[in-house]
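So the structure is just underneath, and the comments pick up after that.
Being a predicted model, the structure only gives us computed values, none of them experimental. Just so you know, these numbers use all the heavy atoms, side chains as well, and skip hydrogens, waters and symmetry mates.
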Amino acid sequence: MANPDQKTVLIDNAFEEIQNICINLQKEADVTNLEIKSLLRLITNEWEEKEEQKTGFGFR
């Protein structure tokens with residue numbers, strides 16, 4: 001298991017990559033902030049459902 005510092009770096013890197021993807025999507029496809037937020041919510045909900053099915057526990 002990664003130590004807290006490695007986890008923090010990985011989370012920070014993932015956040016940066018997701019942010020860049022969203023910015024590029026807005027530029028290339030003329031997507032609004034609301035559409036980006038909706039997309040991220042859908043992804044999060046799908047991820048939570050799969051995690052709950054796998055472990056029996058959700059993130060909430």
Side-chain angles (χ1 to χ4, degrees):
M1 183 175 215
N3 68 40
D5 292 331
Q6 289 173 324
K7 287 180 184 179
T8 301
V9 169
L10 291 173
I11 290 170
D12 289 346
N13 288 345
F15 176 81
E16 228 175 275
E17 287 182 39
I18 292 168
Q19 188 176 31
N20 288 335
I21 290 168
C22 292
I23 289 169
N24 289 336
L25 180 60
Q26 282 187 303
K27 287 179 183 176
E28 294 173 9
D30 196 31
V31 177
T32 66
N33 284 342
L34 184 59
E35 290 170 315
I36 292 289
K37 287 178 184 178
S38 294
L39 175 62
L40 292 173
R41 277 192 199 104
L42 287 171
I43 292 168
T44 302
N45 289 340
E46 185 70 26
W47 185 18
E48 286 176 347
E49 285 177 18
K50 285 185 181 186
E51 188 66 25
E52 190 173 330
Q53 288 173 359
K54 221 174 16 174
T55 64
F57 297 102
F59 288 118
R60 296 176 192 218

Report task. Please tell me if the side chains of Asp5 and Val9 come closer than 4.5 Å, counting only heavy atoms from C-beta onward. Result ->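 Not in contact.
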Query raised in the report: Given a cutoff of under 4.5 Å between side-chain heavy atoms of I, L, V, M, F, W and Y, with clusters grown through shared members, what are the other residues clustered with Ile11?
Result: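 Its cluster partners, ordered by chain and number, are none at all.
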Query raised in the report: Using links of under 4.5 Å between side-chain heavy atoms of ILVMFWY residues, direct or through other members, which residues join Phe15 in one cluster?
Result: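 Same cluster as Phe15: nobody, lone residue.
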Query raised in the report: Roughly how far, to the nearest 0.5 Å, is NZ of Lys50 from CD of Glu48?
Result: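 The CD atom of Glu48 sits 13.0 Å away from the NZ atom of Lys50.
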Requested in this report: Please round to the nearest 0.5 Å and tell me the distance separating atom CG of Leu39 and atom CG of Leu34.
Outcome: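 Atom-to-atom, Leu39:CG and Leu34:CG are 11.5 Å apart.
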Query raised in the report: For atom CG of Asn13, is the number of surrounding heavy atoms from other residues, nucleotides or ligands below 6.0 Å larger than 12?
Result: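 Counting other residues, nucleotides and ligands, CG of Asn13 exceeds 12 neighbours.
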Only pairs under 3.5 Å count here: list side-chain donor-acceptor contacts from residues 17-26, not counting sequence neighbours, and write none if there are none.
{"residue": "Asn20", "atom": "ND2", "partner": "Glu16", "partner atom": "O", "Å": "3.3"}
{"residue": "Asn24", "atom": "ND2", "partner": "Asn20", "partner atom": "O", "Å": "3.3"}
{"residue": "Gln26", "atom": "NE2", "partner": "Val31", "partner atom": "O", "Å": "3.4"}
{"residue": "Gln26", "atom": "NE2", "partner": "Asn33", "partner atom": "OD1", "Å": "2.6"}

